[in-house]
Amino acid sequence: MKNKLTVYNSKARKKEIFEPIHEGRVGMYVCGPTVYSEVHLGNVRTFVSFDVIYRYLLHLGYKVRYVRNITDVGHLTDGGEDKVSARAKLEQLEPMELVQKYSNMFHEMMAIFNTKSPSVEPRATGHLIEQIEMVRDILDNGFAYEQNGSVYFDTLKFNDKYKSYGQLSGRKIDELFSETRDDLKNQNEKRHPSDFAIWMKASDEHIMKWNSPWSVGFPGWHLECSVMSTKYLGKTFDIHGGGNDLKFPHHENEIAQNIGCTGVEPAKYWLHSNMLLMNGKKMSKSDGNTISPYELFTGNSPHVSKGYSPMVVKFFMLQSHYRSTMDLTDQALQAAEKGYSKLMEAAKALDKMEHPGNGNETENNKKLLTTIDNIISDMNDDFNTPKALAGVFELVNFINKLKDGHLKYSDITKEAFDKLKETFNQFVFDIFGLKDEVGGQEDGLFDGMAELLITIRNEARAKKDWATSDLIRDKLLEIGVQLKDGKDGTSWSRI
RNA sequence: GGUCGGUUUGCCGAGUGGCUAGGCGACGGUCUGCAAAACCGUUUACACCAGUUCGAAUCUGGUACCGACCUCCA
């Protein structure tokens, strides 16, 4: 009887009943990508996870404002150079040209995975004024200090007052950075090793820099999220999401900045998605253990035996819970491909099915209704897509049985059948955001020719001309069209 | 070293103090000209060692192994 949505709040470390701050409305902020290079598959998993969460909240009837930023300044390399300008130099582009290029590619990838656009997609460089204002507010409140043109957040002072620094990530300030990395830039300017820069003075060769009351410089890399979430969602909002590798230091510092500025906790619920692994290790650009989405689509990678379509990859991701790690293997992708295709076949069949009316309330009818209820409670239980998907496959079983005549329409009521149809389509297409990749490409010409070939083959079969019949079947299969001989004649589908 | 999480059947992955997760694969069957598809049936596991309990894969303690974070990361 889990009719209420519960979410796992990373901050509380437990599941909590979801109650939005303002009834009927949800504010959600998710940390977006740093657009200094091509988006990789791990990022995709995170954004697909939050897309499903976004879609489900919409499905529940909430008016959702979903903010996902684009980071185009402030992320530094180990050498202290901005990632964007470092890459821009390599590609011989202006930094903002590079940002545009990879933002476009990111948006294309999000579209390929059929994710909904966020309501607002702010960029860090578009919010320099607000960032400078927040630095000033934090300074005014006494939780930051200036040192040679840079401004640092005073974690000790903050912790003295609020006792909460490190709470999200379970860290204690005294134990932090006992072994300070001495290669870090300007480490000596800080009063405490756990202090972090909210404004950094730029060196002469640093390209991306702006004027501020303290120096010509650039914002610290945690600041943008604090600023943009506050600007578009208010001082406190409902959900803050991101990959769990951002918990520390990014989200921890974000919380500190927000409280240091406004005095209140920014987010009511913190949701963290887990990592996508490959070969049992975190998929990561920096150590080469990675596969790009395009490599996965084309199969042009030593990690896969063939290419997999975006929806197969998305289906694969939905088979695990967003808070669990997921190991990408070729074998698992092959299994996902079969499962996805089974799902889409059922969707097509269901589309053509109509209940004639006058069904009875049998045991099967009861079982069907229970299955539908369970799918809903599974999604309400912290967006448990794998479990909900398992329930959807039980619906597939009902659909196929009805199609095959193993289950009679008279054994289920029209109401239950309509509910089956509605639930199936809502979950598969609206909530999971899957789509039939090949279905949309058909045109009348292709359709007509396929039907013609089926007619010719059936005539050959009637004459027991198995050679012609099998030739048509096998050649069609070679070009990716599978014929299916069923009770009601032959149908076909692309594979 | 510190913090956190994990170890589930042939593979991927949910879940839970007693009741079939699901997908894929495999095997048998129905259907079929033969296949494929679909359907039916079989395949039933929880790292290890203790403890709590009528009952533990689930709770507790310990051990082993794996992973993430600890100022680049979704």
Side-chain angles (χ1 to χ4, degrees), chain A residues 10 13 30-34 36 39-50 75-79 83 166 169-172 175-181 184-185 187 193-194 196-197 220-222 241-250 253 272-277 280-287 315-316 319-321 323-329 331-340 342-343 345-346 349 374 378 381 384-394 396-397 400-401 403-407 461 464 466 469-470 473-474 477 482-487 490-491 493:
Chain A
S10 307
R13 291 164 205 262
V30 174
C31 291
T34 302
Y36 71 102
V39 64
H40 81 103
L41 203 63
N43 300 68
V44 171
R45 185 193 183 195
T46 298
F47 300 131
V48 162
S49 296
F50 284 102
H75 263 171
L76 305 187
T77 64
D78 278 346
K83 282 186 164 184
S169 52
R171 285 169 167 81
K172 290 193 175 64
E175 294 165 4
L176 274 169
F177 314 110
S178 49
E179 294 173 46
T180 304
R181 277 172 54 170
L184 283 170
K185 201 176 178 240
Q187 195 64 258
S194 65
F196 55 93
W221 58 291
H222 313 299
N244 76 0
D245 53 351
L246 292 184
K247 258 190 204 172
F248 189 88
H250 185 63
N253 290 351
H272 287 99
S273 63
N274 217 319
M275 298 294 104
L276 183 62
L277 310 181
K281 298 242 179 183
K282 180 179 172 181
M283 201 176 268
S284 164
K285 272 189 274 198
S286 50
D287 62 12
F315 175 86
F316 167 74
Q319 281 184 302
S320 77
H321 191 267
R323 281 190 290 114
S324 302
T325 53
M326 160 156 239
D327 204 356
L328 184 96
T329 63
Q331 207 179 358
L333 283 167
Q334 287 191 24
E337 190 168 53
K338 292 268 179 65
Y340 167 73
K342 187 174 175 176
L343 194 63
E345 285 302 312
N374 286 344
D378 290 338
D381 183 14
N384 194 329
T385 58
K387 214 175 171 196
L389 201 54
V392 169
F393 270 99
E394 282 178 44
V396 169
N397 192 248
N400 285 333
K401 276 180 177 171
K403 192 179 78 176
D404 266 36
H406 287 94
L407 179 68
R461 289 175 75 200
K464 297 196 193 300
W466 308 130
S469 160
D470 291 354
R473 182 180 72 196
D474 297 344
L477 189 62
Q482 183 179 52
L483 297 186
K484 296 170 183 179
D485 298 326
K487 279 197 160 54
T490 305
S491 63
S493 63

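Below, chain A is the first sequence line, B the second, and so on; all start at residue 1. Not measured: the values here are computed from a predicted model.
A donor and an acceptor atom sit less than 3.5 Å apart, one in the side chain of A:R171 and one in the base of B:C69.
The separation of B:C40 from B:U7, taken at their C1' atoms, amounts to 35 Å, rounded to a whole angstrom. Comparing the P positions of B:G22 and B:C65 gives a spacing of 35 Å, expressed to the nearest Å. A gap of 15 Å separates the P atoms of B:U52 and B:A57, to the nearest Å. Comparing the P positions of B:A26 and B:C66 gives a spacing of 33 Å, expressed to the nearest Å. Across B:G62 and B:G23, the matching P atoms stand 39 Å from one another, rounded to whole Å. The P atoms of B:U16 and B:C11 are separated by 23 Å, rounded to the nearest whole Å.
Look at A:D381 and A:K387 and you find no salt bridge, because none of the NZ, NE, NH1 or NH2 atoms lies under 4.0 Å from a carboxylate O.
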Kindly determine whether A:N244 and A:M275 satisfy side-chain contact (heavy atoms from CB on, under 4.5 Å), including the steps that lead there. CA-CA 7 Å; A:N244 76 0; A:M275 298 294 104; 3.3 Å; yes
Before you tell me yes or no, could you show the steps for A:T490 and A:R473 under side-chain hydrogen bond (donor to acceptor under 3.5 Å, both in side chains), namely the whole-Å CA-CA distance, both residues' side-chain angles and the distance that decides it to 0.1 Å? CA-CA 11 Å; A:T490 305; A:R473 182 180 72 196; over 6 Å; no
Run A:R171 and A:F248 through side-chain contact (heavy atoms from CB on, under 4.5 Å) and show every step you take. CA-CA 9 Å; A:R171 285 169 167 81; A:F248 189 88; 3.4 Å; yes
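Using the Watson-Crick or G-U wobble rule with both distances under 3.5 Å, B:C69 pairs with B:G2. Of all nucleotides present, only B:U63 satisfies the Watson-Crick or G-U wobble test against B:A47, with each distance under 3.5 Å. B:C27 and B:G41 make up a base pair, with Watson-Crick or G-U wobble contacts both under 3.5 Å. Base pairing analysis places B:U58 opposite nothing; no Watson-Crick or G-U wobble pair with both distances below 3.5 Å involves it. Nucleotide B:U53 is matched to nothing when pairs are restricted to Watson-Crick or G-U wobble geometry with both distances under 3.5 angstrom. Across all strands shown, B:U16 forms no Watson-Crick or G-U wobble pair with both key distances under 3.5 Å.
Using a 4.0 Å heavy-atom criterion, one finds that A:K247 contacts no nucleic acid atom at all. Residue contacts shown for A:H40 include a base, since a base heavy atom lies under 4.0 Å away. Residue A:D474 is classed as having no contact, given no heavy-atom separation below 4.0 Å to the nucleic acid. Using a 4.0 Å heavy-atom cutoff across all strands shown, A:G242 reaches sugar-phosphate atoms only and no base atom. Note on A:L276: a base of the nucleic acid sits closer than 4.0 angstrom, heavy atoms only. Using a 4.0 Å heavy-atom distance criterion, A:M326 is classed as a sugar-phosphate-only contact.
The side chain of A:N400 places an N or O atom within less than 4.0 Å of a non-bridging phosphate oxygen (OP1 or OP2) of B:C39. Close to B:G67, at under 4.0 Å from its OP1 or OP2, lies a side-chain N or O of A:K281. OP1 or OP2 of B:G15 has at least one side-chain nitrogen or oxygen of A:N384 nearer than 4.0 Å. The shortest distance between the side-chain N/O atoms of A:N374 and the OP1/OP2 oxygens of B:A21 is not below 4.0 Å. Note on A:T325: every side-chain N or O is 4.0 Å or more away from OP1 and OP2 of B:G5. Considering only side-chain N and O atoms, A:K282 lies under 4.0 angstrom from the phosphate OP1 or OP2 of B:C69.
Residues A:T329 and A:D404 each lie close to RNA chain B; by heavy-atom proximity, the contact nearer the 5' end of the strand is made by A:T329. Toward the 5′ end of RNA chain B lies the nearest nucleotide of A:S169, the other residue of the pair A:G243 and A:S169 mapping further downstream.
At least one side-chain heavy atom of A:K464 sits less than 4.5 Å from a side-chain heavy atom of A:W466. The side-chain heavy atoms of A:N374 and A:E394, taken from C-beta on, include no pair separated by under 4.5 Å. A:R45 has its side chain out of reach of A:M283: every pair of non-hydrogen atoms, C-beta onward, lies at least 4.5 Å apart. Using a 4.5 Å heavy-atom threshold, the side chains of A:F393 and A:N397 count as separate.
For the pair A:M275 CE and B:C73 C1', the computed distance is 8 Å after rounding to whole Å. Taking atom CG of residue A:D378 and atom P of nucleotide B:G15, one finds them 9 Å apart after rounding to whole Å. Atoms CG (A:L407) and C1' (B:A38) sit 14 Å apart, rounded to a whole Å. A:F47 has its CZ atom 13 Å from the P atom of B:C73, to the nearest Å.
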Listed pairs, N/O of protein and of nucleotides 22-31 of chain B, under 3.5 Å:
| residue | atom | partner | partner atom | Å |
| --- | --- | --- | --- | --- |
| B:G25 | OP1 | A:K338 | NZ | 2.9 |

Show the distances under 3.5 angstrom between N or O atoms of the protein and N or O atoms of nucleotides 32-35 of chain B.
| residue | atom | partner | partner atom | Å |
| --- | --- | --- | --- | --- |
| B:G33 | O6 | A:S469 | OG | 3.0 |
| B:G33 | N1 | A:D470 | OD1 | 3.0 |
| B:G33 | N2 | A:D470 | OD2 | 3.0 |
| B:C34 | O2 | A:R473 | NH2 | 3.2 |
| B:C34 | N3 | A:R473 | NH1 | 2.7 |
| B:C34 | N4 | A:R473 | NH1 | 3.2 |
| B:A35 | N6 | A:D485 | OD2 | 2.5 |
| B:A35 | N1 | A:D485 | OD2 | 3.3 |
| B:A35 | N3 | A:R473 | NH1 | 2.9 |

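Applying the ring pair (Phe, Tyr, Trp, His ring centres under 6.0 Å) criterion to A:H250, with sequence neighbours excluded, gives A:W221, A:H222.
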